[in-house]
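Worth saying up front: this structure is predicted, and the values here are computed from it rather than measured. Reckoned from all heavy atoms, side chains included, excluding hydrogens, waters and symmetry mates. Residue numbers start from 1 in every chain, and the chains themselves are labelled A, B, ... in the order their sequence lines are given, proteins ahead of strands.
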Amino acid sequence: MKRVGVFLCWCGSNIAGTVDVGKVAEQARRLPGVVHVEENKYTCSEPGQAAIVKAIKDQRLDRVVVASCSPRLHEATFRRTVESAGLNPYFFEMANVREHCSWIHTDKETATPKAFDLVRMAVAKALRNEALTRGSITIEKRALVIGAGIAGIQAALDIADAGHEVILLEREPTIGGRMAQLDKTFPTLDCSQCILTPKMVDAAKHPNITLYTWSELEKVAGYIGNFTVTIRRKARGVDETLCTGCGVCQSKCPVKVPSEFDEGMGMRKAIYSPFPQAVPNRPVMDRANCTFFKTGKCKICERFCEAKAIRFDQEDSLIEVKVGAIVTATGFDLFKVEKYGEYGYGLYPDVINSLQFERLVNASGPTDGKIKKPSDHEIPKSVAFVLCVGSRDEQKGTTYCSRACCMYSIKHAIQFRDKVKDGRAYVFYMDIRTPGKSYEEFYKRAAVDYGVEFIRGRPSKIFSRNGKLVLKAEDTLLGRPIEVEVEMVVLAPAMLARNDAAKIAQTMSISYDGYGFLNEAHPKLRPVETNTAGIFLAGVCQGPKDIPDTVAQASAAASKVIGLLSHEQMATEPMIARVSEALCSGCLWCKPICPYQAIEAKTITEKIQGKVVSREVAAVNSGLCQGCGACTVACRDGAMNISGFTNDQLLAEVDELLGASRPACAAE
Amino acid sequence: MSGQSVRYSYYPGCSLHSTAREYNVSVRAVAQAAGVELVEVPDWNCCGATSAHATDPFLAFALPARVLLQAEESGLDILAPCAACYGRLMTAKEEAHRRPDLVARFEKAIGRKLGPAPRILNVLEFLAEPKVTETIAAGLKRPLTDLKVAPYYGCLLVRPSKVTHFDDAERPTSMDKILASVGATPVDFPGKTECCGASLGISRVDLVVELSGRIVQQAKHAGAEAIAVACPLCQTNLDGRQGTAAAKLGEAFGLPIYYITELVALALGVAPGRLGLGKHLTNSLALLRQKKLA
Amino acid sequence: MPKSLALDPKKMKEAEAALRTQAAKLLSEGTVTVFLGHEEGWDGLPVPFFATTPEEAKRLVWNPLVAFNLAKYLLDRLTGEEKVGIVVNGCGSLALDRLLKDRRFPRERLFVVGIPCTGLLDPDKVLALPDEARQAALEGGKAEPGLFLKRCGWCDAPNPVVADVVLGEKVPEEAGPQQYPRVEEIEKMSPAERAAHFKTLYEKCIRCFACRNVCPACSCRECSLDQWEPLWLGKATVPSEQLMYHFIRAFDVAGRCIRCGECERVCSVGVPLMELNDKLMKDITELFGVQRPHVPADVEPLGQWTEGDADLEAAH
Amino acid sequence: MATSQEPVIVGFLCNWCSYAGADSAGTGRMVQPTNVRIIRVPCSGRVNPRFILRAFQRGADGVLVSGCHPNDCHYSTGNFFARRRLLLLKRYLEYLGIEPARFETHWVSASEGQKWAEVVRSMAERVKALGPSPKLPSLL
Amino acid sequence: MPNLKSPLLVSGGPEKRVFLGEVDAMAATHVAACYQCGKCSGGCPLSFAMDYQPRQIMRLVQMGLADEALASNTIWVCATCYTCTSRCPRDIDIAGVMDALRFMARRRGFRPGDRNVGVFHRSFLNGVKRFGRSHELMLFVEYKLGTMRLTEDLPLGAKMLAKNKMAILPEITKGRAEIAALFRESARGAEKGGDKL
Amino acid sequence: MAQSPVPKATRLVKKAGLGAWLTALAADNNVMAPVTVDGKPLFRWIGAGEVGQLDLAAVHTVNSPKGGVMPQTEPMLTYSAVQDGSGGKTLDIKPAAEDRPAVLFGVRPCDAAAIDLVGKVYLTGEFTDEQYQARRDRTTVVAIACAAPAKACFCTSFDLSPGAVRGADVVLYGRSGPGSVAEGDAYYAIAYTERGEAFLGGAAAKAAGVSDLPAGEADKLEKIVAAFRGLATPLGKKLGKVDVADKLESLFESAYWEKVSSRCLSCATCTFVCPTCYCFGVADTGAGGQGVRFRYWDFCKSPQFMLMAGGHDPRPAKKNRTRQRFLHKLNYHHNRCGEYLCVGCGRCVESCPVGLHLPLVVSDVRGLQP
């Protein structure tokens, strides 16, 4: 017979104030299997835990039930307690009578029977608890970093500096990401490229870092410590080993298309490097626009390439790498500001977005750093910066704050005032958010030192009148309708999750929120981990943030990876799926349901009526399985179970609750 | 859609029987040219307009609901050329799903059951119906070449878009397309969807003069020679108030305000004399004569 | 009722001859070591029969009464190396396909003889007929629609979907949406009426498990409803457990039922089991757009999802 | 033995979102009716429709399954499978004569204590209005 | 009007929420969501003629300052063009809120903040009640008598009459009994206070 | 069985009075009788309100009335945990509640005989089943002779007949004799036991107008009873007397069992409809420290029937289980008790979905070479 000990916690008055703990104790003594019932003021306290250890020894308990707070709070604590008394920690079970009972009820008369229900359900489950043991797996000491913007570069360098190999993956022709497009960074106004490009070079030259640009993530299989990742290396059209990066091909290429890097403010060629400091300094061929691929003729680049590096026949190739951990740093997209019909983007050429402004103001940009109106290439004398275009807008954009726009728009206004001494800069804002070191000071400088004019009010409409752009708004601080005439408008678009974020998430079996931002395991306590062990997040792919926060998060993710890779082996959670081979029919309908590809067919041999036969059954990879239990429902045989949440245990809880809570009926 | 159906229920609303008689004429003229029969909703009543929904939530639903009920029997799609009527009917149709309480009160008061509402078309949707576009495509008798027209949508056709589900609320294009299809040159202008003052036409003349004036001014500055509208209230305001506004602004406008159906009818060869263009307060025949269209 | 229900005893007679020859050939050439078919039973009705010699193959019958789906017998031969022959018509092949999709028999150990089906008669009903009428039905092909097996009424797959050789010509197929008139009637009842309806009809159950044992979608090694731990189903034959047995089983085969109606046919106390299966099939079509829910698919309807699935929470 | 006359609602809550959400409701002292008894499961995808049938068989007056919001599953897809199964089940239960209000599914995240409390309140109210669940004769 | 110079006493009392709740329920929206960006006022074609900006009306509702909101001319000047509603980043049906406030103002006996508009709406509905359809000439006359603005707009009216844009006699809907029933139901609902927008 | 049983009392029952009789009986007794539910004749416990559903037309209800004395599920005891004085706990065990007296009404002679046949298993020998005994002691079996035996009937293969008395306290014989399914307007009710005699003289019988035999009908009655007893059964005629017990001694290892069992579905239909199958299992159900122990019908065709805790199964295949069932009925029981464990009711013939039944096996066995 099992010997169950029940420990009822008062939690001071938290529980005892609403639940008659003594009465519950009295009733609990009658439960089958229960041989010991004890009340404690604070079961989680040192004496409380000591009482459990003592009772286990004195009463030879083999199951322990604590009725106190949420298992999410103290399950681990009590498991350790039980283990310290020599009992398997999984013989422990918890009844949540605080969060789920005493705290949400006021009437002792009804709360007490409910508390007892919770206790006896826990006892019924505990009677069916089994001894479980943790497994262990070896760890592949190599990391993959997806995305080589500032987040990815930082994470890769940190991990590589700690002595681990890193594979850095980037789908664009160069690393650097969004930060490479920026001119200056707030609040220090140091040059973005000046601080970024050295890191790019470091990453490229680091002996522990292997760089794959113009490459995409194809598939992720495996589990923490043992991922197998397939990478698609897109055809570059250029033999990277032969190419010297001299740039002759792009200067000779006759095709001009709008440059993605310049956000359409400048042009590039069909064979191109996005910008002069690109890393690696190797061009890619844009087949969609290349004359040869369109007409079968041209090949001018090939003719002029002295290194003979041009490859028109190159094809995509797939490579497979093994890694122990993955950092996802896939960045963000920008809100399409044309969704605001009232703002005239696309209708009026001098209404641009903030990233376009970055390119205009950038010394290495298409205008060599001169702020010029796209319409007539004149220098605008007045510019309005409109915040929250797409942010904080439930009707046309997203509900959240994009967090960096206030600061960079102030920076833009300062830059404009700096370059156009007699110009007027207006910032239309609703709230200026400056929660960072030296941010508020930066805001003040803009207003005081640079004369930037801040108008509190969301413009309602932008239209053209007499060759000027007019912003119709309310100055909400005055409570008066206003019209502001300017020559250029810069809209600060919301930061959005990558449009293929869902696909990326699904490839890696991690979750994402309603906007497509990848979900951290816990917003406060596990901010860089995902719910899939071994996969970490850095940068805006997890949610809008600025450069300092991005870099901090990247280093945090890197430190998690370094911590993981510093072990040879790691323990695995035992509350995962297991198959009863005797019951399994081998239909394998469980397999497609598993989100972790943890189920495979396995051939076993057994004796059936004296004959040795072999047959297929499902087998669970304990490294991959996360214990969700979806497979158990697909299993009609009842062969699949989740340790710790077995069918038997869950049914026992239902039966215990309902079987006896009603007066027993007489037999038929 | 209604490729074979050539009959529509027709809800002219009060205006088309009074202040906007010429609108009624031109709608019917276009319908006739396209071989479409318009069957007037039997014994229709006023939709209640702004006055009802501004002051009386039940009537705001009940009046247009009765119109829908009257139209129900024929089972035909309803054409409501007045933008205000259209807005009220669409709102009532939407509320019939969302507000069982209103429906119950309505049915109890009137002693009849409200069935599923038919499709409701505004005049721009009507002009985009296959039967009409086919007619236009089949041959324009009198293309409006060189006529620069500013399409004015006003409010109620495109707003609130959750009710009308029609075109883009900020940058609509449906009337632009119709104008282009009859050979005219649509002129984009910022006032496209600004409000003309609508129901304040009688009670706050000062405001209407201000709003209508701005719209006409913007159209004029954008190079338009005329404005096309799809609503009798818009027409009355822009047409009737532009003189006062011009005086106030110190400019001369003289911009004819055509119903879009008048322009389409003209292009389809309907004689200008049949359209009652003379009813407009701002001279609308002179421009046509100048362009040799009349 | 499908057009293919033009009962053709003559054709069946021809098919029977071809079947005997085919089976005998397979057995004599050693292609198969046993052939699953029917023979004439004690009272004239066909019963399942397993021929192991060319001689025995001569006993095989194929007539309007071969109602029994043979596929389930493959489970008895799951272990071992022997090759098994089997004869199937349309619905028999769906049963077979069900087992194949459930990986409950290796296709390579199977030789399938398919016979396009012109409809089958309900043996119980035919047996109850006066001699003359029986004769007319069985030999003259003159059978009232009511005499057919229920499943023939909704059959849209008279031709075998799995076969190595097909005897006889293909029968014209009529695919249209499946109809569930009985379910619709029940849906119209009030909750209390429905509860009473199922109690009256389902507490008759004697828990003989014939419905489960004949069902091609029920192929577990050991039925979980027979297991003691956990005790999914109580052993007591009380209405609560009787109904639960059927409610669980129907949901277990939801999306997998081939609508053969064998469960209902073999039920000795006449529990209208298809009322449950049909409801689930109807809903699978309505909710998930599976047009022929009774045809085994590569992925089960409940083994997949789409983002567009109706949101449950909105239902409240 | 407690023989409460109050209706009993069995709640199957996923560990990551809804159970934590119910914890938040507790931490926030959001007073709720006492009818719900929570059974913790790893994921709404773990909830076998058989558990729900069992609960009704044993006389539960209501059953409530709650998991992470779609797309927000801790295990990425579990709640999508659950949604399908339970959608079918809901109609099925209704067909079997169990009033629709007795079985509900909700998506409650860890931070939605308020929502959880509201779910409990409103469902308890609906179930109370229906009265006790009819129970078929059984040995117990 | 309270003295705007004295500090507004903001207490935790429930009244404030009551007014907000009523407006929310009538307009089926959430005024509390307003974060005062001013996009409504910015786009409002008539804001120049209002004593409170539409945004400020939202604030009055949030703060429970019912008297000020209901006495404002804003709610009567609003032409219900829905520009505000269609642009509100918090998806508040501002035009619907204006409808709600007008209705409440009438029910609670506030004199319309813009008398002319109030009289116009009343005259218009009277016409509909009588004939089933509106009749411009009669509306014109009734309105003129109601506001005593006898001379304003006479030239335009005369022009329209001359162009046969106003009928001398009203058109009449035959089902007037039904129209009357609807008006009665409306009055009944308003008395019971059961109306929601 | 050769001797004619001796009547203890004879009465006349009007067919029209049956309803009143059953209604009166139902007041103090549990009454089981054949009724038709959704087209299927079933033996069921009926309350006074269901008397109207009585249907004596079908010779065979799908199930037999064996549940009347051997319920498919029968509580044996109830238990609950109670606290003892010292803070520990102990089990309070109560026997199953006593039931009311029972009347099995409209039982066919084969089924009545089966009750007697199975009763021997439970009530003779070193141990008797007290619960069964108690149930039998409070049960009256009212049989009805078969006027028109069904196609599958073969009671005559076992020293029984459509008019047999074995196991019955009272037998109803149709006043118009065999051959007529309608069975005339009245029955002769003949009591063959003291219990039957008391039953016919009881208050319920009186209330229902059960009367003495009209004068001069004694002769007619005797002829009619004899006619019933002499009636042939269709399948019985074909099968003849069953005589395979000895032959089966040598056929245990016959390949026949493999062959014949191969089409078995392993369902319980034959067993559960059979009036002479009597195997049961025992299980508990309970929660929260209280529960019920009950027995329930089990069946030897089930793969779980002989499965042991360690996984060993002495009857692992269908062959073993099928052989067991038929040898039990046709050999083992005969060896132990001198008679076959079958009454020829024919239900297995009618109900087996794959036509695998006792007459088939008997006839096959006759043709087998030992």
Side-chain angles (χ1 to χ4, degrees), chain C residues 183 186-187 189-199 202-203 224-225 230-252 254-255 275-276 278-280 282-284 286-288 300-307 309-316, chain D residues 44-45 48-59 64-67 69-71 73 77-108 115 118-119 122-123 126 130-131 133-140:
Chain C
V183 173
I186 297 171
E187 282 170 346
M189 300 178 186
S190 71
E193 283 169 344
R194 281 196 290 268
H197 168 84
F198 286 114
K199 177 168 184 290
Y202 281 62
E203 73 177 1
S224 57
L225 301 183
L231 191 67
W232 288 108
L233 184 70
K235 303 285 175 189
T237 33
V238 286
S240 147
E241 306 282 9
Q242 313 294 84
L243 269 65
M244 201 47 52
Y245 162 58
H246 296 291
F247 292 171
I248 294 177
R249 203 183 82 80
F251 203 85
D252 265 18
E275 289 181 358
L276 298 182
D278 279 357
K279 164 68 179 168
L280 290 159
K282 177 170 179 277
D283 282 353
I284 283 172
E286 285 176 12
L287 294 170
F288 313 132
E300 294 178 85
L302 291 185
Q304 54 181 310
W305 51 270
T306 67
E307 294 237 20
D309 284 347
D311 197 2
L312 271 166
E313 199 173 24
H316 312 308
Chain D
S44 54
N48 196 321
R50 289 181 181 192
F51 298 158
I52 294 157
L53 285 166
R54 173 75 141 242
F56 282 118
Q57 181 196 9
R58 295 284 195 262
L64 168 57
V65 179
S66 188
H69 286 270
N71 267 330
C73 176
T77 54
N79 53 2
F80 282 121
F81 286 109
R83 185 165 74 174
R84 256 204 178 200
R85 290 168 187 151
L86 299 179
L87 193 58
L88 189 65
L89 180 75
K90 182 162 177 68
R91 289 228 202 167
Y92 184 54
L93 290 173
E94 203 173 330
Y95 185 72
L96 302 179
I98 294 170
E99 294 96 337
R102 295 197 190 273
F103 173 60
E104 295 194 357
T105 310
H106 291 276
W107 315 124
V108 175
K115 180 175 178 187
E118 198 37 54
V119 162
S122 62
M123 183 162 177
R126 281 191 285 271
L130 284 173
S133 174
K135 196 181 163 198
L136 288 166
S138 68
L139 278 190
L140 261 179

Sidechain-backbone polar pair: D/Arg84 side chain, C/Leu302 backbone, donor-acceptor under 3.5 Å | no
Top residue by heavy-atom pair count (under 4.5 Å) with chain D, among C/Gly234, C/Ala195, C/Ser240?
-> C/Ser240
To the nearest 0.5 Å, what is the distance between CZ (C/Phe247) and CD1 (D/Ile52)?
-> 15.0 Å
Heavy-atom closest pair, residues D/Tyr92 and C/Ala250 = OH-CB, 3.3 Å
Part of C/Thr306 within contact of chain D (heavy atom distance under 4.5 Å) | both
Measure the CG-CG distance between D/Leu87 and C/Asp283 for me, rounded to the nearest 0.5 Å.
-> 8.5 Å
When D/Leu53, D/Ile98, D/Thr77, D/Leu88 are compared by non-hydrogen pairs under 4.5 Å with chain C, the top option = D/Leu88
Sequence neighbours left out, what passes salt bridge (Lys or Arg N to Asp or Glu O under 4.0 Å) with D/Arg85? Give chain and number order.
-> none
Hey, which of C/Ala192, C/Ala310, C/Ser190 has the most heavy atom pairs under 4.5 Å with chain D?
-> C/Ala310
Engaged part of D/Asn48 at the chain C interface, taking heavy atoms whose separation is under 4.5 Å | side chain
Does the side chain of C/Phe251 come within less than 4.5 Å of D/Leu89's, by heavy atoms?
-> yes
Using a cut-off of under 4.5 Å on heavy-atom pairs, state which of C/Pro301, C/Ala254, C/Gly255 scores highest against chain D.
-> C/Pro301
Within a strict 4.5 Å, meaning less than it, do heavy atoms of the C/Ser224 and D/Arg50 side chains meet?
-> yes
Contacting moiety of C/Ala196, where chain D heavy atoms sit under 4.5 Å | neither
Does any non-hydrogen side-chain atom of D/Gln57 lie less than 4.5 Å from one of C/Leu243?
-> no
Per-residue contact mode, D/Phe51 against chain C (heavy atom under 4.5 angstrom) | side chain
Interface moiety of C/Phe198 toward chain D, non-hydrogen atoms closer than 4.5 Å | side chain
Out of curiosity, C/Arg194 CZ to D/Leu93 CG, how far, rounded to the nearest 0.5 Å?
-> 11.0 Å
Identify the two heavy atoms, one from D/Phe80 and one from C/Glu307, that lie closest to each other, and give their separation to 0.1 Å.
-> CZ-OE1, 4.3 Å
Given a strict heavy-atom distance threshold of 4.5 Å, which part of C/Glu203 is in contact with chain D: side chain, backbone, both, or neither?
-> neither
Hey, are the side chains of C/Ile186 and D/Tyr95 touching, using non-hydrogen atoms and a 4.5 Å cut-off?
-> yes
Have a look at D/Leu136 and tell me which of C/Gln242, C/Lys199, C/Met244 forms a side-chain contact (heavy atoms from CB on, under 4.5 Å) with it.
-> C/Lys199
Is the NZ or CZ atom of D/Arg83 positioned over C/Trp305's six-membered ring, under 6.0 angstrom from the centre and within 45° of the axis?
-> no
Which region of C/Phe288, side chain (C-beta onward) or backbone (N, CA, C, O), has a non-hydrogen atom less than 4.5 Å from a non-hydrogen atom of chain D, or is it both or neither?
-> both
Does any heavy atom of chain D fall under 4.5 Å from the side chain of C/Glu193, the backbone, both, or neither of them?
-> neither
